Colleague: 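I'd like to ask you about the structure that follows.
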Amino acid sequence: MTPTSGDARCGFAYALGLQHPLLDAVPEASRGQAFGLLTSGLMTVQGAGPVVFGALAEFTDVGVAMALAGLSTVCVARCGAPWRTGRGQ
């Protein structure tokens with residue numbers, strides 16, 4: 001086992017926290033489709049972020065692009081917090 005493969009397995013562990021509430025919320029007959037949509041959405045957002053902020057870095061200072069990327073991460077996390085804790089219902 002290479003160190004990189006171990007890092008990749010540990011790095012994807014964050015998804016377990018997303019999957020359990022989804023498992024509870026979706027009827028058993030629709031779980032396959034729901035998990036497919038969850039995974040596709042995560043991969044899309046993870047791929048779009050570098051493209052968007054890379055393009056932004058081309059037109060602004062790199063530090064500004066990095067700061068905006070961090071700010072957007074915090075904003076997305078704050079938007080998801082009520083859903084994760086059940087307060088958004």
Side-chain angles (χ1 to χ4, degrees):
M1 178 174 77
T2 63
T4 308
S5 64
D7 293 343
R9 287 192 306 261
C10 292
F12 194 67
Y14 77 91
L16 295 175
L18 297 174
Q19 292 171 354
H20 196 284
L22 183 67
L23 182 68
D24 293 339
V26 176
E28 189 173 343
S30 302
R31 285 185 184 159
Q33 184 177 12
F35 277 101
L37 288 171
L38 173 68
T39 304
S40 297
L42 285 172
M43 287 190 292
T44 301
V45 171
Q46 289 170 345
V51 171
V52 168
F53 293 109
L56 183 64
E58 289 291 323
F59 298 106
T60 65
D61 186 46
V62 174
V64 170
M66 290 175 63
L68 289 174
L71 180 64
S72 68
T73 301
V74 170
C75 291
V76 168
R78 292 288 297 161
C79 289
W83 172 76
R84 297 243 327 124
T85 60
R87 292 188 305 246
Q89 300 173 354

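Because the structure is predicted, anything quoted here is derived from the model rather than measured.
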Colleague: Are the side chain of Ser72 and the backbone N or O of Ala69 linked by a donor-acceptor pair below 3.5 Å?
Modeller: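 Indeed, once roles are kept as given, a pair shorter than 3.5 Å links the two residues.
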Colleague: Are Leu68 and Met66 grouped together when hydrophobic residues (ILVMFWY) are joined by side-chain heavy atoms under 4.5 angstrom apart?
Modeller: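 Looking at the clustering, Met66 is in a separate group from Leu68.
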Colleague: Calculate, to the nearest 0.5 Å, the distance between atoms OG1 and CZ belonging to Thr73 and Arg78 respectively.
Modeller: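 One finds 14.0 Å between OG1 of Thr73 and CZ of Arg78.
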Colleague: Using residues 48-56 as the side-chain source, report each donor-acceptor pair under 3.5 Å to any protein atom, sequence neighbours left out, with the distance given to one decimal.
Modeller:
none

Colleague: Say whether Leu22 and Leu37 are linked into one hydrophobic cluster, either directly or through other cluster members, by side-chain heavy-atom distances under 4.5 angstrom.
Modeller: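 No, it is not one cluster - the side chains of Leu22 and Leu37 are not joined through contacts under 4.5 Å.
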